[in-house]
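Sequential numbering from 1 along the given sequence is applied to the chain's residues. For ligands, and for the atoms within them, numbers begin at 1 and follow the listed sequence. The model shown is predicted, which means the values in this text are computed figures rather than measured ones.
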Amino acid sequence: MKEIIIATKNAGKAREFAALFAKRGIEVKSLLDFPDVPDVEETGSTFAENAKLKAEAVCQRLQRPVIADDSGLAVDALGGRPGVHSARYAGEDKNDARNIAKLLHELDGVPMEKRTARFHCALAVAIPGRPTVIVEATCDGYIAEAPRGEGGFGYDPVFYLPERGKTMAEFSPEEKNAISHRAKALAKLNEQWDEIMAEKGRTE
Ligand SMILES: O=P(O)(O)OP(=O)(O)OP(=O)(O)OC[C@H]1O[C@@H](n2cnc3c(O)ncnc32)[C@H](O)[C@@H]1O
Ligand SMILES: [Mg+2]
């Protein structure tokens, strides 16, 4: 296979998938390339449910193999919030800067050792006529007291990895793709990739 569709309108995610799949010589298309595909409502209560909803809706529409990513940030001191609501934490417009400002406000006064958090990533692969495959992975860190760095997207400027002494937004794309929740989930998918794609070959 030379091309895969990622069911996302998030340019940051699309960029990371493009780099991760480039190693395999596979070109990534996102929903930014298919503007007519309508938004899928994320009504699930877990990352896995939402990834499945997005992958199956777009697969149904395009009749092609599709991967969807549902991801987010779970902060221990906030009982796991923003969780599945990470994208719209500060409002419907999905504004990264406002989401970060709200998060920092909610954690005001919480000491560093209690600012533990993890990024979650659920990936769902939907192929016409086949059961959907789902994998999940996480990446542990801390919520910094102020944003730092220009790279990545979303909550990366406040996601601090003490072992590197940097926020994820201070990582190069290669560094982030070596350790991120998304890269780890994709590595899990990779283990099943040949099997998934072999089945696909038979249905073509
Ligand atoms: O649903 P799609 O179209 O894929 O795009 P989205 O941006 O709405 O994506 P999600 O519903 O999965 O919400 C993910 C939220 O978690 C954030 N997020 C996910 N992965 C991240 C990462 O690697 N670094 C920083 N923030 C991330 C992201 O900014 C969003 O606020
Ligand atoms: Mg979304």
Numbered atoms of ligand 1 (with element) below 4.0 Å of [X], judged on heavy atoms:
{"X": "His181", "value": "20 (N), 21 (C), 22 (C), 23 (O)"}
{"X": "Asp69", "value": "4 (O), 12 (O)"}
{"X": "Asp156", "value": "22 (C), 24 (N), 25 (C)"}
{"X": "Lys94", "value": "6 (P), 8 (O)"}
{"X": "Asp70", "value": "10 (P), 11 (O), 12 (O)"}
{"X": "Ser86", "value": "15 (C), 16 (O), 31 (O)"}

Shared hydrophobic cluster, [X] / [Y] (ILVMFWY, side-chain heavy atoms < 4.5 Å):
{"X": "Leu53", "Y": "Val125", "result": "no"}
{"X": "Leu73", "Y": "Phe47", "result": "no"}
{"X": "Ile67", "Y": "Leu31", "result": "no"}

Requested in this report: Report the distance from atom CD of Glu145 to atom CG of Leu107, rounding to the nearest 0.5 Å.
Outcome: 9.5 Å
**Report entry** Separation of Ile6 CD1 from Lys13 NZ (nearest 0.5 Å)
**Finding:** 10.0 Å
Query raised in the report: Heavy atom under 4.0 Å from ligand 1: found in Phe153's side chain, backbone, both, or neither?
Result: both
Query raised in the report: Should the ring pair Phe159 and Phe119 be called parallel, tilted or perpendicular, given that the plane angle runs from 0 to 90° and is split at 30 and 60?
Result: tilted
Requested in this report: Look at atom CD of Glu150 and say whether more than 12 heavy atoms of other residues, nucleotides or ligands are closer to it than 6.0 Å.
Outcome: no
Query raised in the report: Is a side-chain donor-acceptor pair under 3.5 Å present for Thr116 with Asp76?
Result: yes
**Report entry** Main-chain N/O of Ala137 paired to Lys188 side chain as donor or acceptor, under 3.5 Å
**Finding:** no
Query - Proximal candidate to atom 22 (C) of ligand 1 [heavy atom criterion; set Lys54, Lys176, Glu16, His85] - result: Lys176
Please report which non-hydrogen protein atom sits nearest to [atom], along with the residue it belongs to and the distance in Å to one decimal place.
{"atom": "atom 3 (O) of ligand 1", "result": "Lys9 N, 3.0 Å"}
{"atom": "atom 2 (P) of ligand 1", "result": "Thr8 OG1, 3.4 Å"}
{"atom": "atom 7 (O) of ligand 1", "result": "Asn10 ND2, 2.9 Å"}
{"atom": "atom 29 (O) of ligand 1", "result": "Gly154 CA, 3.2 Å"}
{"atom": "atom 11 (O) of ligand 1", "result": "Glu42 OE1, 2.8 Å"}
{"atom": "atom 31 (O) of ligand 1", "result": "Ala87 CA, 3.0 Å"}
{"atom": "atom 17 (C) of ligand 1", "result": "Tyr155 CD1, 3.9 Å"}
{"atom": "atom 12 (O) of ligand 1", "result": "Lys13 NZ, 2.8 Å"}

Query raised in the report: Does the pair Asp70/Lys52 count as a salt bridge with the N-to-O cut at 4.0 Å?
Result: no
Query raised in the report: What N/O/S atom of Glu42 gets nearest to the Mg ion (ligand 2)?
Result: OE2
Requested in this report: Might you work through the side chain to side chain donor-acceptor pair (under 3.5 Å) test for Thr8 and Asn10, ending with a clear yes or no?
Outcome: CA-CA 5 Å; Thr8 185; Asn10 180 318; 5.3 Å; no
Query raised in the report: Taking distance alone, with no angle check, do Asn99 and ligand 1 share an N/O pair under 3.5 Å?
Result: no
Query raised in the report: So is Gly72 close enough to ligand 1, meaning a heavy atom under 4.0 angstrom away?
Result: yes
Report task. Report yes if some heavy atom in the side chain of Phe171 is under 4.5 Å from a heavy atom in the side chain of Ile179; otherwise report no. Result -> yes
